[in-house]
Amino acid sequence: MDAPGCMKALLLAATQYRAAKTPHNAALLQRSLEVISGLKLTRLFASNQILPSECLSCLVELLEDTNTNPSLTLSVVTLLSQLASDNETREALQDTYNLTSVLAGVVHRSSTNLSDPLLLQGIQLLQRLTYNVPVFCAGTNIDELISFLMHHVQSSEDELTIPCLGLLANLCRHNLSIQSQIKSLNNVKSFYRTLISFLAHSSLTMVVFALSVLSSLTLNEEVGEKLFHARNIHQTFQLIFNIVVNGDGTLTRKYSVDLLMDLMKNPKVADYLTRYEHFTSCLGQVLDLLHGRDPDSSSKILELLLAFCSVAELRHTLRQAILEPSGFPVSGSTRFVTRSKTFEPSVALVHLSNQPLEGSEDCSVLALQLFREIFEDVIDSGNSVSAKHFVDLLLPVLLDHLQMPEQIVDELLVKKKCERMDQRLITPLTFALTSNHGEQVQVGLGILFEAAPLPDFPAVVLGESIAANNAYRQQETEHAAKRIQMQAPVTTITSVRCSSSHPSSDESTASNIQELIQKLHSGLEMKEPLADMRISDIMDVYEQKLSALASKETRLQDLLEAKAVALAQADRLMAQYRCQRAQAESEARTLAAMLKDAERKNEELNDLLKAQQVESERAQTDIEQLFQHNRKLQTVAEEHEILKKSSVDLLQRYETTERQYKDLQTTCNSLNKQMEAMKKLNESLQQQNDRIAAQLVESEDHRKELQQQLQERDGKIATLQQNIKVLEEKLKTQQKEKTDMEQTIDILRKELSKTEQARKELSIKASSLEVQKSQLEGRLEEKEALVKLQKEELNKHSTMIAMIHSLSGGKLSAEAVNLSL
């Protein structure tokens with residue numbers, strides 16, 4: 001099946017699959033994709049025909065559909081990777097079909113399974129698409145892609161690390177929006193540390209990718225100033241040149257050349273490179289790469305050499321290395337041998353400039369641009385002797401480039417051919433056509449005959465330039481016109497006509513033109529021509545007319561070809577319009593979906609606004625409650641002032657209570673002494689038990705004394721009871737302490753009643769001293785417990801009074817005091 005049939009089958013299979021995603025339709029579509037991939041139709045897809053454009057649009061839609069079979073998606077990505085090897089197809093996929101955003105979505109959907117081959121293929125295709133192409137960072141797919149790339153680069157190293165880092169280098173290069181997005185992230189410093197750690201990696205590809213990202217993000221910042229400082233920049237130059245010369249492959253060499261070109265755009269770095277001591281030897285090694293390399297690598301080396309020409313000092317050194325290789329140091333690979341003539345840089349550049357145009361690389365165009373820079377430096381330096389042999393090699397190549405074949409079918413080849421026409425060729429061509437030297441006139445005529453049929457040839461500019469040059473020469477020779485002797489007029493006229501229609505190649509023709517101009521201005525009369533010369537003159541006139549008719553026919557043929565080219569261009573515009581219309585419809589569908597999402601989000605935002613209004617009302621209520629609470633706090637503050645005053649009174653009362661406590665302590669000591677006395681008395685009573693009858697009088701006296709002591713103690717107890725009542729009245733405002741105090745007072749009252757009852761019993765049972773002794777001991781123990789309880793209560797009172805004192809005498813604010821209270 002031919003190519004159009006295969007494309008139609010692919011479109012039919014894709015339509016059936018989108019209508020019904022059955023296994024049978026998926027198998028048919030898979031087979032069609034394999035057939036298209038096997039045909040190698042890269043150049044066909046590069047053309048702007050309708051059928052290839054519809055196929056590309058179909059493939060992109062299959063990728064964009066989230067319900068497409070993963071195996072089919074992988075096949076589509078593989079086919080697009082094959083087609084992206086062509087520059088124009090890659091540009092169309094990027095600009096017309098927005099494949100970058102679609103692939104970013106594919107990568108995001110496949111990022112859940114890192115072992116999925118679709119993820120690796122998608123990242124590699126994205127790296128190829130975004131190389132030297134700015135990416136518009138709007139859209140969720142690109143944001144999610146950048147987040148995934150940064151996260152994976154900082155994760156453990158695997159087979160995805162290098163492609164992710166390379167893709168990140170492409171996205172960051174010459175893209176301020178993505179650079180700003182990355183710099184605004186919170187983990188950017190850890191990301192910088194990860195990239196700096198990659199600089200010590202064993203893979204040169206990893207090193208150059210990391211350096212590229214660092215230069216894009218930090219070259220004009222503090223981190224970049226430290227990284228590319230004068231102390232470190234020479235090591236960086238040596239590292240980059242080593243990668244350029246000894247890189248892992250064409251891809252690594254490409255990125256290293258781009259990195260060095262980006263660094264040279266910084267004036268400081270360019271100045272550091274001019275002072276780099278090993279630049280001449282490194283330049284020699286770079287020039288050696290022009291021999292026997294693939295066109296892709298050679299084109300990148302030529303781009304690097306052109307970048308060197310942007311700095312005057314480096315261009316001067318490059319000119320010496322190319323035109324004067326004998327005085328230039330030999331590179332390390334050929335240090336111990338003599339460089340042969342075939343390996344001279346000038347010969348290699350001439351060979352590259354003579355490369356065919358059918359390839360995708362622009363080696364010949366870049367080589368010619370490099371020649372232009374070298375010749376400009378030669379003109380600036382005034383040393384044209386070294387370029388003489390080089391011009392002899394280059395002129396035949398230039399003439400060969402200017403030759404246009406009779407029939408050229410490939411439009412792309414015509415475009416590349418026309419790119420080698422420079423507008424600056426007009427001035428030297430004018431001087432060559434009006435020169436006094438026959439060789440220069442012949443060379444100029446050869447260039448004119450080859451260049452005139454080309455599209456967009458500046459014939460008008462060339463004519464004006466020749467006319468201006470002739471006028472200038474006329475003014476120079478006008479003052480010597482009368483001194484020239486008269487010659488045969490007919491011969492002169494004939495030679496003038498011949499020279500005006502078809503310029504002669506000898507010096508006599510040029511002199512006749514000048515003589516005719518002089519005679520016309522001098523106003524001399526023409527004599528009658530000789531009869532034998534008239535016939536040859538007539539023949540010359542007819543030959544001139546025939547040549548004019550032939551030139552008119554050639555021009556008409558050129559116009560006809562131009563019309564045909566215009567028709568073909570109109571067809572291409574129609575196809576492009578259809579593609580753009582399909583793209584616009586797709587974008588309209590996308591915008592409709594986005595509008596629905598926007599409406600849904602608007603409804604959500606309305607609900608959120610209502611909820612926020614409710615929250616606002618609640619907040620207003622809370623604010624009013626806070627105002628009320630604030631007023632309450634002010635009331636509490638006033639109460640606190642009152643409490644401060646009452647705390648002073650409590651302090652005074654505490655001092656009074658403390659004095660009473662000291663009195664109670666003294667009473668307790670006296671009771672202890674009495675208890676000891678009672679013990680001694682008990683011992684004496686036991687000894688005097690036998691003599692109890694004799695000592696009844698003494699016991700009665702002693703009983704009276706005890707009664708008197710008890711009366712005194714009862715008086716003291718009454719005093720204590722009064723004090724306790726006073727304390728109860730004063731400490732009613734306290735919560736737990738008041739309750740405890742009341743319980744303690746109740747206990748004391750009970751004890752006092754028991755004591756009173758015991759006193760009455762003692763008065764009744766005074767006859768029994770033994771009973772009195774035991775009762776006194778029990779009562780003494782009860783009194784000790786009572787004293788202990790009173791001590792504890794007094795300690796509590798002292799603690800409370802200390803707290804009141806600290807609150808009244810401290811520096812706490814009113815609100816804090818109220819909260820603590």
Side-chain angles (χ1 to χ4, degrees), residues 653-689 695 698-732 734 736-801:
R653 294 174 183 177
Y654 167 73
E655 292 176 354
T656 305
T657 306
E658 188 175 4
R659 288 194 296 270
Q660 292 175 356
Y661 168 74
K662 290 179 180 179
D663 295 338
L664 289 174
Q665 187 70 28
T666 306
T667 306
C668 181
N669 293 331
S670 62
L671 289 174
N672 289 330
K673 293 179 180 179
Q674 289 177 3
M675 182 184 66
E676 293 176 357
M678 290 297 292
K679 289 180 180 180
K680 294 179 181 179
L681 180 61
N682 187 19
E683 293 176 356
S684 62
L685 288 174
Q686 287 178 357
Q687 294 176 0
Q688 296 176 1
N689 191 17
Q695 295 178 351
E698 294 178 0
S699 298
E700 185 66 23
D701 297 336
H702 186 65
R703 185 184 62 78
K704 291 179 180 180
E705 292 177 358
L706 287 176
Q707 280 184 344
Q708 187 177 0
Q709 292 176 359
L710 287 174
Q711 289 176 357
E712 294 176 356
R713 187 175 60 184
D714 291 337
K716 292 180 180 179
I717 290 172
T719 305
L720 288 174
Q721 287 178 351
Q722 292 177 358
N723 293 331
I724 289 171
K725 290 179 181 180
V726 173
L727 290 173
E728 287 176 356
E729 292 175 356
K730 292 179 181 179
L731 299 177
K732 285 181 181 180
Q734 300 178 3
K736 288 184 180 182
E737 290 79 5
K738 177 182 176 181
T739 305
D740 295 335
M741 193 66 180
E742 288 177 353
Q743 293 176 357
T744 305
I745 291 171
D746 293 337
I747 294 171
L748 289 174
R749 286 176 179 174
K750 291 179 182 180
E751 293 297 330
L752 287 174
S753 62
K754 290 180 181 180
T755 305
E756 182 66 22
Q757 186 177 358
R759 185 185 63 78
K760 291 178 179 180
E761 290 177 356
L762 285 175
S763 62
I764 295 171
K765 298 180 180 180
S767 60
S768 177
L769 293 176
E770 185 67 27
V771 176
Q772 289 178 359
K773 177 180 73 67
S774 60
Q775 288 178 354
L776 287 174
E777 288 179 355
R779 289 171 184 172
L780 286 174
E781 291 176 355
E782 290 175 357
K783 293 298 181 181
E784 288 177 356
L786 179 62
V787 170
K788 289 181 180 180
L789 290 175
Q790 290 179 350
K791 286 182 179 180
E792 292 176 357
E793 291 299 323
L794 289 174
N795 290 330
K796 289 181 181 180
H797 286 291
S798 63
T799 303
M800 291 171 56
I801 293 171

With sequence neighbours excluded, residues passing side chain to side chain contact (heavy atoms under 4.5 Å, CB included) with [X]:
| X | answer |
| --- | --- |
| Q721 | I717, L752 |
| T656 | R659, Q660 |
| S670 | T667 |
| Q665 | Y661, N669, K791 |

From [atom1] ([X]) to [atom2] ([Y]), nearest 0.5 Å:
| X | Y | atom1 | atom2 | answer |
| --- | --- | --- | --- | --- |
| K716 | R713 | NZ | CZ | 10.0 Å |
| M675 | K679 | CE | NZ | 4.5 Å |
| I745 | L789 | CD1 | CG | 12.0 Å |
| Q674 | L706 | CD | CG | 9.0 Å |

If you define the side chain from C-beta out and look only at heavy atoms, does anything of [X] sit under 4.5 Å from [Y]?
| X | Y | answer |
| --- | --- | --- |
| L794 | T657 | yes |
| I801 | R653 | no |
| L780 | E777 | no |

### Message
T755: which residues meet the side-chain hydrogen bond (donor to acceptor under 3.5 Å, both in side chains) condition with it, sequence neighbours left out?
### Response
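side-chain hydrogen bond (donor to acceptor under 3.5 Å, both in side chains) check on T755 returns K783.
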### Task
Check side-chain hydrogen bond (donor to acceptor under 3.5 Å, both in side chains) between E756 and all other residues, then give those that pass, not counting sequence neighbours.
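Result, side-chain hydrogen bond (donor to acceptor under 3.5 Å, both in side chains) vs E756: R759.
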